[in-house]
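Encoded as structure tokens, the structure appears first; notes follow it.
Both backbone and side-chain heavy atoms feed into the values below; hydrogens, waters and symmetry mates do not.
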Amino acid sequence: MQVTAGRLQYMLERLSESLTVTSYGATGSGTVDDAPAIQAALNAVKKLGGGWVIVPPGTYLLASLPLRIYRNTRLTLLPGARFVRGIAETMLLNGDRDQGFGGYTGHGNILVEGGVWDCQGAAPGLKSAAMCISIGHARDITIRDLEIRDVAGYHAIELNSTKRGTIDTCRFLGYVDTGQRDFSEAVQVDLAKSSGVFGGFGPYDHVPCEDITVRNCYFGASGTTGTTAWPRGVGSHSATITRWHRRIKIIGCTFEDLPQYAVSAYNWEDSAITASTFQGCGSGVRFRTVILTDKEDTKTPDGTQTNASQDMRNATVTGCTFRNGGSYDDPIVALGEASGLILNLAITGNTIDGSAGGQNGIRLQRVSRATVGDNTISNTSGTGISTGNSGNLVISDNEVWGSGANGLTFTTCDHSSAIGNQIREPGSSGILVTGNSDNIHLRDNYIKSPSRAKNGDAWGIRLQGGSSSISLSGNKVRPHGSGNEASHAFSAEGGTTPVTLIQRYGNDWRGTWTVAPVAEGSGVTSNTSAADVT
């Protein structure tokens with residue numbers, strides 16, 4: 001950038017406004033407590049009504065914590081600057097314990113950038129649970145270009161009751177479980193529910209987070225002896241009825257070897273996870289409505305027990321890659337409750353390669369108005385796409401390769417369609433419709449080599465469990481040609497609860513099957529005429 005006279009004057013004015021922590025006595029030697037000097041610089045900026053605190057290169061031992069940062073402050077750790085925690089406390093908190101700012105009126109318009117923040121969670125005397133950075137009752141928070149290492153027990157960054165928060169290009173490395181904390185998130189999005197949820201300060205007015213973006217961040221292990229990778233990357237694990245976290249975006253992040261959920265979108269609305277990579281994680285992305293059995297989360301702000309969940313709306317997973325998924329849960333899973341559905345969900349354009357322990361590729365439970373499309377799903381231990389107790393689903397143009405169980409299932413679902421999917425070499429059936437599902441439409445799906453796990457044990461397309469009002473058109477099922485084969489290309493079960501009101505036309509069941517191309521049990525009512533049904 002050309003340095004004109006005007007720009008040079010601006011730069012000099014900004015430099016003159018900055019406060020360097022060494023001017024307040026910080027040594028950066030790593031041997032004495034520099035926290036009082038750094039706090040003095042932060043306090044000086046507070047008195048000025050805002051300003052810029054600069055930390056030069058060096059190692060700064062922090063043994064008087066927490067540091068407290070106030071509104072309109074920019075805290076910059078220059079390259080080579082390192083904060084080292086020397087006491088089992090939170091490193092940085094936005095405000096004072098006795099403050100009373102409710103809503104989003106607390107200390108905000110804060111920028112924290114740069115440096116290594118080493119919490120030393122595995123070091124003697126530092127294994128008690130504590131945060132690295134804790135933010136509450138604020139708006140306009142930016143945290144960028146930090147490396148946060150070896151946090152014990154709680155979270156690297158908590159954004160609580162925060163509006164417009166951005167975490168950008170940070171690295172979250174290493175975690176220590178202090179006991180019964182195997183669920184901690186590196187970045188927690190939370191609400192001001194109680195002192196047990198957010199211990200920094202009140203008031204506890206149940207204010208949630210809104211407009212939070214986490215982008216270009218890395219989550220994993222540090223390699224420090226006595227630490228692990230983070231259990232979870234970004235998420236929430238508390239809720240209040242009538243409140244939601246809204247407009248949460250995870251963009252371009254990498255999650256590596258996390259044993260639980262990389263992203264746990266608990267009671268989030270209008271959320272989006274895009275262009276992120278999940279490698280070797282126990283589970284990738286979970287969407288979850290308020291858990292019915294959690295008696296704290298099912299209360300309203302005034303403490304009334306509802307004994308109910310609540311609907312959550314509008315979520316997307318787009319353009320993400322999931323590799324070598326573990327056995328904790330499915331790579332992508334959406335779980336609602338009977339009293340709290342997940343509504344308006346889109347899972348599109350993702351690649352899923354591998355899961356363990358019987359986990360499916362994508363699983364939807366208690367979901368309505370969802371689109372699952374243009375995903376490539378391969379080598380899952382369980383079913384490729386599993387849906388249950390859901391409705392108004394469109395499952396289209398997915399490729400499912402080598403699933404250990406079925407390719408696609410509808411279990412107790414209604415008003416849903418599977419269109420244009422390609423299912424290759426599933427261990428069991430290609431498409432299974434069961435559990436009294438009704439108003440299911442199967443069209444233009446291609447299934448090749450079903451029942452690869454066991455000869456004659458599965459079907460190309462199977463309808464069972466008293467399901468009804470099923471239409472099938474333009475589907476094509478082909479055997480493998482050698483080894484294990486399906487018993488039938490198509491099966492509709494009869495008996496005491498027969499499948500009824502089947503309309504099928506123009507399907508291609510040709511091939512050499514273990515038993516026959518088509519099996520329809522007693523009581524099955526199947527209309528194969530091309531004429532309209534009235």
Parallel, tilted or perpendicular, as decided by the 30° and 60° cut-offs, for the rings of F255 and F219: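 Taking F255 first and then F219, their aromatic rings lie parallel (interplane angle under 30°).
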Pair E337-R366, salt bridge (charged side-chain N to carboxylate O under 4.0 Å, His left out): steps then yes or no: CA-CA 6 Å; E337 299 275 6; R366 305 281 185 190; over 6 Å; no
R462/E493 salt bridge by N-O under 4.0 Å criterion: yes
Residues D211 and R139 bridged, charged N to O under 4.0 Å: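 The answer is no: the pair does not qualify as a salt bridge.
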Check against side-chain hydrogen bond (donor to acceptor under 3.5 Å, both in side chains), R144 and T169: CA-CA 6 Å; R144 67 189 184 197; T169 319; over 6 Å; no
I need the minimum non-hydrogen distance between [X] and [Y], along with the two atoms involved.
X    : Y    : result
R504 : V518 : NH2-CG1, 3.7 Å
P331 : N360 : CD-O, 2.8 Å
M131 : E158 : CE-OE1, 2.6 Å
A221 : L173 : O-CD2, 3.6 Å
T500 : T525 : CA-OG1, 3.4 Å
M312 : T289 : CG-CG2, 3.4 Å

Quick check: does any side chain N or O of [X] sit under 3.5 Å from a backbone N or O of [Y], one acting as donor and the other as acceptor?
X    : Y    : value
S283 : D330 : yes
Y175 : G153 : yes
D182 : Q180 : no
T380 : S378 : no
S339 : S309 : yes
D257 : A229 : no
R181 : A129 : no
T387 : T409 : yes
D168 : T142 : no
K448 : E425 : no

Roughly how far, to the nearest 0.5 Å, is [atom2] of [Y] from [atom1] of [X]?
X    : Y    : atom1 : atom2 : answer
H415 : S469 : NE2   : OG    : 8.0 Å
I461 : L472 : CD1   : CG    : 5.5 Å
L463 : S491 : CG    : OG    : 7.5 Å
E147 : Y218 : CD    : OH    : 11.0 Å
R149 : T224 : CZ    : OG1   : 4.5 Å
I141 : R164 : CD1   : CZ    : 10.5 Å

Y505 OH: over 12 foreign heavy atoms closer than 6.0 Å: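 For Y505, atom OH is not crowded (no more than 12 foreign heavy atoms under 6.0 Å).
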Pair T298-Q305, side-chain contact (heavy atoms from CB on, under 4.5 Å): steps then yes or no: CA-CA 6 Å; T298 52; Q305 178 57 256; 2.6 Å; yes
Lys NZ or Arg CZ of R232 over Y261 ring: under 6.0 Å, within 45°: no
Check: [X]/[Y] side-chain N/O donor and acceptor closer than 3.5 Å:
X    : Y    : value
R452 : N484 : no
W459 : S451 : no
D190 : N160 : no
N406 : S428 : yes
N307 : K295 : yes
N267 : Q310 : yes
H480 : S449 : yes
N439 : D414 : no

side-chain contact (heavy atoms from CB on, under 4.5 Å) assessment of I447 paired with I431: CA-CA 8 Å; I447 301 167; I431 297 176; 3.9 Å; yes
Worked check of side-chain hydrogen bond (donor to acceptor under 3.5 Å, both in side chains) between T434 and Q464: CA-CA 5 Å; T434 188; Q464 68 165 181; 3.1 Å; yes
Side chain proximity check, [X] to [Y], heavy atoms < 4.5 angstrom:
X    : Y    : answer
E485 : N455 : yes
S473 : H441 : yes
T162 : I212 : yes
V367 : F287 : no
T240 : K299 : no
D297 : S238 : yes
C413 : S390 : yes
I148 : C170 : no

I377 vs S403, side-chain contact (heavy atoms from CB on, under 4.5 Å): CA-CA, chis, key distance, verdict: CA-CA 8 Å; I377 304 167; S403 56; over 6 Å; no
From CA spacing to verdict: side-chain contact (heavy atoms from CB on, under 4.5 Å), V214, C253: CA-CA 8 Å; V214 182; C253 293; 4.1 Å; yes
Partner of D270 under side chain to side chain contact (heavy atoms under 4.5 Å, CB included), chosen from K249, E210, R247: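 Among K249, E210, R247, the one meeting side chain to side chain contact (heavy atoms under 4.5 Å, CB included) with D270 is R247.
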Between W509 and F490, ring centroids under 6.0 Å: yes
